[in-house]
Amino acid sequence: CTGHITDLAEANCPGQPCRYFDPNMDSAWAAREAACRLKVQLPSFAGSFNATYDQFVSGQTGADLAIVFDSTGSMSGSIANAQSQAAALAQKWLSLYSNGRVGLVDYKDVDQNDPYAARVDLGLSSDVNAFQTAVNGLSASGGGDTPEAQLSGIMTALDGMSWASGATKAVVVITDAPGKDPEPVTNFTRDSVEQHARSLDPVAIYGVNFSSPQSVAHWITPLPPLS
C-alpha cells in the first residue's frame, strides 16, 4: 500500500464495484472509501466519520470493532448516555456484518493511582448481549488530571484483541478528554501507536468527543490528524 495518513481527506463515494475491496488500491483511497461506507451504512452514527488515524483494508474474512471507553471520573455526567450509544453502535455493527465481532476496553490513567491503566472488558465477540453486559458494568471513577491514558487504552485494544487476519479492523475511542502524549510510565506516543496500528493489517482508529451530551447524529468525530 502507498499513501500517507495526512493525505486522507474526505472523498466522494465511488461507484460500484467499490475500489475499497481491491487490495492493490492505494491506501488513501481505501481509507476514504471505508469512511464513506461507514457514513452510508451507519447514518445515525457516522455523520463525522473520517479516516484520520489510519486506513481500513479490505474485509475479506470479517469485520472487527473494538470500542475503547474512557471510564474516568469526568465521564460521570455522561457515562449512561455513552454506554447506551456504544451498545447501539455495537448492535448496528453486528447487524450489518454477519461475520462481525465487537470488543470492549476501558481505560483510566497511568500516574494517578488508578487500579489499572487499561483493561480488556470483552474480547472480540459476535454476542451483542455479552457486549451490553460488559459496557453496562463500567463505572466512572479515577483519572485525576484532565489528560488520560488514551494511548494505553488503544494499545490494550491493539494487543489484547484477537484480530482476524484479513478482516476490516477498527477502534473507536469514546472520551471527553485528550490523551497524554507522550504517556508517562508506558512512554507511548501517538506516533508509536500509529505505527503499531499500521503493523496490524492495519487497524483504523476513530475518536468520539463526548465532552458534552450530543445527539447521535453528531456523536462521532475524528481524532485530529497527526503532524
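Any value given below was found using the heavy atoms of this structure, including those in side chains, with hydrogens, waters and symmetry copies removed. Keep in mind that this is a model prediction, so the values were computed, not measured.
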Practice task
Starting from the C-alpha separation in whole Å, work towards a yes-or-no answer on side-chain contact (heavy atoms from CB on, under 4.5 Å) for Thr168 and Tyr97.
Solution key: CA-CA 11 Å; Thr168 296; Tyr97 303 107; over 6 Å; no

Subject >> Step-by-step side-chain contact (heavy atoms from CB on, under 4.5 Å) determination, His196 to Asp159 >> reply: CA-CA 9 Å; His196 193 46; Asp159 289 337; 2.5 Å; yes

- Message: Would you say that Leu124 contacts Val102 through its side chain, given a criterion of any heavy-atom pair below 4.5 Å between the two side chains?
- Response: no

Margin query: Using only atom types and a distance under 3.5 Å, with no angle test, would you say the side chain of Arg101 pairs donor to acceptor with the backbone of Ser162?
Written below: yes

Here the gap from Ser71 atom OG to Leu138 atom CG, rounded to the nearest 0.5 Å, amounts to 6.0 Å

Query raised in the report: Any Lys/Arg nitrogen of Asp64 or Lys169 sitting under 4.0 Å from an Asp/Glu carboxylate oxygen of the other?
Result: no

Check: Do Thr175 and Tyr107 get their side chains close enough for a donor-acceptor pair, meaning under 3.5 Å?
Finding: yes

Here the pair of heavy atoms bringing Asp114 nearest to Gly142 is OD1-CA, 3.2 Å

Rounded to the nearest 0.5 angstrom, the OG-CD distance for Ser95 and Gln91 is 7.0 Å

- Item | Backbone N/O of Asp106 and side chain of Asp121: donor-acceptor pair under 3.5 Å | yes

N/O donor-acceptor pair under 3.5 Å between Trp163 side chain and Pro202 backbone | no

Exercise for the section: Could you please spell out the steps behind the side chain to side chain donor-acceptor pair (under 3.5 Å) verdict for Gln132 and Asn136? Expected result: CA-CA 6 Å; Gln132 183 77 69; Asn136 285 350; 3.1 Å; yes

* Could you tell me whether Lys108 and Asp70 make a salt bridge, using a distance below 4.0 angstrom between a side-chain N and a carboxylate O? => no

*asked:* Could you check whether any side-chain heavy atom of Ser152 comes within less than 4.5 Å of a side-chain heavy atom of Lys180, counting everything from C-beta outward?
replied: no

*asked:* Measuring only between side-chain heavy atoms, which start at C-beta, is Val172 closer than 4.5 Å to Val68?
replied: no

- Message: Counting C-beta onward and ignoring hydrogens, is there a side-chain heavy-atom pair between Leu122 and Asp127 closer than 4.5 Å?
- Response: no

Ser192 and Met155: CA distance, side-chain angles, deciding distance, side-chain contact (heavy atoms from CB on, under 4.5 Å) verdict
CA-CA 10 Å; Ser192 68; Met155 289 293 281; 5.7 Å; no

Requested in this report: Compare all side-chain heavy atoms of Val135 with those of Phe69 and state whether any distance is below 4.5 angstrom.
Outcome: yes

Handout entry: Gln112 atom CD, neighbour heavy-atom count above 12 within 6.0 Å
Key = yes

Heavy-atom nearest pair, Ala149 first then Ala117, reads CB-O, 4.3 Å

Whether Glu194 and Arg198 form a salt bridge (side-chain N of Lys/Arg under 4.0 Å from carboxylate O of Asp/Glu) is what I want to check.
yes

- Is there a side-chain contact between Val105 and Arg119 (heavy atoms, below 4.5 Å)? no

| query | Counting only N and O atoms by type, is there a donor-acceptor contact under 3.5 Å from the side chain of Asp109 to the main-chain atoms of Glu148? | reply | no

Here the pair of heavy atoms bringing Leu200 nearest to Leu158 is CD1-O, 3.5 Å

Practice task
Output, in order, the C-alpha distance, side-chain angles, deciding distance and verdict of side chain to side chain donor-acceptor pair (under 3.5 Å) for Glu183 and Thr186.
Solution key: CA-CA 6 Å; Glu183 192 176 271; Thr186 65; 2.7 Å; yes

Scanning both residues in full, the closest heavy-atom pair of Asp201 with Gly166 reads OD2-N, 3.0 Å

What about Val185 and Phe188, same hydrophobic cluster or not, with Ile/Leu/Val/Met/Phe/Trp/Tyr joined at side-chain heavy-atom distances under 4.5 Å?
-> no

Closest non-hydrogen atoms of Gly100 and Ser126, given as atom of the first, atom of the second and distance, are O-CB, 3.7 Å

TODO: Show the numbers, then the answer: is there a side chain to side chain donor-acceptor pair (under 3.5 Å) between Asp181 and Thr189?
DONE: CA-CA 5 Å; Asp181 180 24; Thr189 66; 4.8 Å; no

Is there a side-chain contact between Ser78 and Met75, using heavy atoms and a 4.5 Å cut-off?
yes

Practice problem: Check whether Ile67 and Tyr116 end up in the same hydrophobic cluster, where Ile, Leu, Val, Met, Phe, Trp and Tyr are linked by side-chain heavy atoms less than 4.5 Å apart. | Solution: no

_Single-linkage hydrophobic cluster Val110~Leu151, side-chain heavy atoms < 4.5 angstrom_ = no

Closest non-hydrogen contact found for Ile79 with Ala140 is CD1-N, 3.6 Å

Review point. Does the side chain of Thr146 come within less than 4.5 Å of Pro178's, by heavy atoms?
Key: yes

- prompt: Could you go step by step and tell me if Leu104 and Val120 meet the side-chain contact (heavy atoms from CB on, under 4.5 Å) rule?
  reply: CA-CA 6 Å; Leu104 180 67; Val120 175; over 6 Å; no

